[in-house]
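Here is the naming used below: chain letters follow the sequence lines, and residue numbers restart at 1 for every chain.
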Amino acid sequence: MPEPHRYYLTTAIAYANSRPGLHTLYEVVGADAIARWHRMRGDDTFFLTGTDEYSVNIATTASRLGKTPRAFVDEMVELFRTAEDGLAIAPDRFIRTTDPDHVRAVHEMIRRAYANGDLYQGTYEGWYCPNEGFKAPSDLVEDAGGVHCPNHPGVELQWLTERNWFFRLSAYQERLERYYAEHPDWVQPEYRRNEMLGFIRQGLEDFSVSREKAPWGIPFPIMPDGSSSQRPDGSWDPEAGTVYVWFDALTNYVTGVGFPEDPDRFARWWPADLHIIGKDINRLHTIMWPAMLMSAGLPLPRRVWVHGWLLVQGERMSKSRGNFLDPNDVVAALGTDGARYVLLREVAFDRDSDVSWDSFVRRYNADLANDFGNLVNRSLSMAGRYLDGARPEARAEFEAPLATAWRQALAAHEEKMSAFLLHDALAALWEFVAAANRFVDAEQPWALAKAARGGDDAAAARLRGVLGDLLEACRLVGLAAAPFLPNVAARLAGQLGVPYPYGPTGAGGPPLVELLRWGAGPTGGRIGTPVPLFPRLETEAQLAGQAGPGGAAGTPG
RNA sequence: GGCGGAGUAGCUCAGUGGUAGAGCAGGGGACUCAUAAGCCCUUGGUCGCAGGUCCGAAUCCUGCCUCCGCUACCA
């Protein structure tokens, strides 16, 4: 199958209610690596991420801090962008639900649903927890004192009645089931698909898409009588209420690529190739969102990938639990590329994984400092010492044992990347790194060098071949791992004395597959000065010191 | 409660009928190019429990125990 010429991928937009946690940016780091992989392969890539900024809670928090909601989210967004910069995340657009074009896109989605007969006025009523919003009866606990929210037992519940617009999700059950049947892998991993299919088969209820009493939101564009809620002066009639935040949030995926104002751009990028989301919002993305798109007459995304959570001692890392790591601390301790690597290697992309400072440091030292970093360092040092810094060429594929190992490693790596198993994709590359380290000990270049100095021409030739193979191995791993290690990849190329043709976001060079062939590097030239790419981290205590007070999760003591 | 998944070495996991595996962590060794890294060897498991089928079960069947996911409007 030919590679698609364009690739559009998204993350869920992050809820801008407080500073970002590592567990939130994990998803963005994974998406960024996939985006870079596509850019380097030569695909025209559009990577969208951003922030979800409307909600009653945000308005409440802002008010408590004496700020306007807008001023508050501006501050939060700045924190997200700074943390993402630290992780070398390079979106093609950072979308905010407060962006003006997004408001217009949401209005268009609402109008289309209305025109399609999928919106009607109804009444929503139920127990309302001031901290969490409306609660389903099954989510409440009842005792002698009455009914309360299990998460906020001290907060008194209110019985509220809202007149809302409802979306006719019930009308989409069959169409969704058919879509699932005709696109069996559109939700992955498979068990996540099965959960949603089971949910659909239970029958679907309509859901509300407006809120009467949530002023911090996108104005609902339609009055109860079906007329526009926009007034002559351009403002929106507050009587119409606001758009339910999930309807708003999901729409960001089409806003980001030009809906509805730039039809050419939208036609080029939509449907999305990939939505990457957390398992907690699976239903929104694989039931509600496709129904919204069907209603609007738009094609459905090709794939939704549901990743797992970061766990701390078996519990979900989250801001409310307070057991989260600050991404800035992790970057300070491990570096940008080190942080990206340990996150994506240590956490399985298809399920939950326990993380800790200890596991990060061990992974960093074992894989980056000891295995790969040291391989680069020892290979360059030997070339500098034994060959006077002249860059030796790799041997031909048929006489280079590492070339065979590379072919296998690359095939495994690409298979895992295509399946979004990022941790396994890295593991495949690192098996090759281990093979290269074994190769050094098997060949003993220092012994060859000694023989060569003694006038053994065959040993001298073999030495050049062995070192050429090793530098080639380093070049190949550096390039293949570049979506994960974008900064180090460029530095490594400099040390190896080979060009690095890709730009800061991974775009601009030749298709990666060409440069990943054994022997595809330039010939001749000189190597640079070896400088450790990943300085070894000595102790956890040292790390904890660097990490500061925010680094609570898994810190000893 | 219903549906689904999992329990294998200290940790994370692979292994769907034929003499228990990997990585990391732990122990020992030889080497020296290297970030005291790398390489080689190695300790360690009644494969959740109890039955059953089979010449043979981590693997199939039954029951039980434990854990997890989904079971609709915080985002």
Side-chain angles (χ1 to χ4, degrees), chain A residues 12-17 52-58 60 97 124 126 128-136 138-139 149 151-152 162 164 166-167 169 191-192 194-199 201-209 211 244-249 279-284 287-288 306 308 314 320 346-348 351-356 358-359 362-363 365-386 423-424 427 430-431 433-434 436-449 466-467 470 530-538:
Chain A
I13 45 177
Y15 188 37
N17 67 333
D52 183 12
E53 305 181 19
Y54 291 115
S55 84
V56 175
N57 287 344
I58 283 176
T60 308
T97 55
Y124 191 93
Y128 182 87
C129 168
N131 288 20
E132 273 192 38
F134 280 102
K135 302 292 292 181
S138 58
D139 288 341
C149 169
N151 302 324
H152 306 91
E162 278 216 350
N164 287 337
F166 278 76
F167 179 88
L169 185 65
Y191 71 103
R192 295 293 175 201
N194 293 339
E195 286 174 357
M196 290 306 107
L197 197 50
F199 184 89
R201 285 177 176 151
Q202 285 174 20
L204 297 176
E205 296 170 14
D206 299 343
F207 66 94
S208 55
V209 295
R211 288 292 182 272
Y244 173 49
V245 286
W246 264 112
F247 193 99
D248 153 17
K279 63 182 185 179
D280 48 332
I281 53 177
N282 191 4
R283 200 174 59 231
L284 285 307
I287 295 176
M288 193 189 290
V306 186
S320 58
E346 199 63 16
V347 183
R351 57 175 181 264
D352 297 351
S353 298
D354 226 277
V355 301
S356 65
D358 186 52
S359 69
R362 276 218 296 251
R363 181 62 76 178
N365 277 339
D367 286 15
L368 296 179
N370 298 349
D371 287 347
F372 184 48
N374 187 50
L375 173 69
V376 170
N377 201 240
R378 68 198 302 209
S379 300
L380 284 169
S381 294
M382 288 189 283
R385 176 181 297 208
Y386 302 145
H423 57 297
D424 287 334
W430 257 254
E431 276 180 38
V433 170
N437 273 317
R438 286 193 295 272
F439 179 71
V440 175
D441 286 82
E443 293 291 343
Q444 302 191 31
W446 50 93
L448 292 171
V466 165
L467 294 179
L470 284 171
V531 178
L533 296 168
F534 301 100
R536 187 178 164 81
L537 302 169
E538 290 308 330

Enter the distance from [X]:[atom1] to [Y]:[atom2] here, rounded to the nearest 0.5 Å.
{"X": "A/Leu448", "Y": "A/Tyr386", "atom1": "CG", "atom2": "OH", "value": "9.5 Å"}
{"X": "A/Tyr191", "Y": "A/Lys279", "atom1": "OH", "atom2": "NZ", "value": "6.5 Å"}
{"X": "A/Asp52", "Y": "A/Asn17", "atom1": "CG", "atom2": "CG", "value": "9.5 Å"}

Between A/Asn374 and A/Arg536: side-chain donor-acceptor atoms closer than 3.5 Å: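 The answer is no; no qualifying pair exists.
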
Geometric class of the A/Phe372/A/Trp430 ring pair [parallel <30°, tilted 30-60°, perpendicular >60°]: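 Plane angle over 60°, so perpendicular.
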
Give the nucleotide from the list [options] with an atom nearest to the side chain of [X].
{"X": "A/Asn374", "options": "B/U71, B/U35, B/A34", "value": "B/A34"}
{"X": "A/Arg438", "options": "B/C73, B/A75, B/C40", "value": "B/C40"}
{"X": "A/Ser381", "options": "B/A75, B/A72, B/C33", "value": "B/C33"}
{"X": "A/Phe534", "options": "B/A75, B/U35, B/C33", "value": "B/U35"}
{"X": "A/Arg536", "options": "B/A75, B/C33, B/A37", "value": "B/A37"}

N/O donor-acceptor pair under 3.5 Å between A/Asp206 side chain and A/Leu169 backbone: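 Yes, the answer is positive, given that a donor and an acceptor are paired below the 3.5 Å cut-off.
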
Summary of protein contacts for nucleotides 23-32 of chain B, nucleotide by nucleotide, where a base hit scores B, a sugar-phosphate-only hit scores S (4.0 Å, heavy atoms): -SS-----SS

B/C73 base / A/Ser208 side chain donor-acceptor hit below 3.5 Å: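 By the distance-only test, yes, there is a pair.
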
Pairwise 5' ranking along RNA chain B for A/Ser353 and A/Lys279, keeping only the more 5' one: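 Result of the comparison: A/Ser353.
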
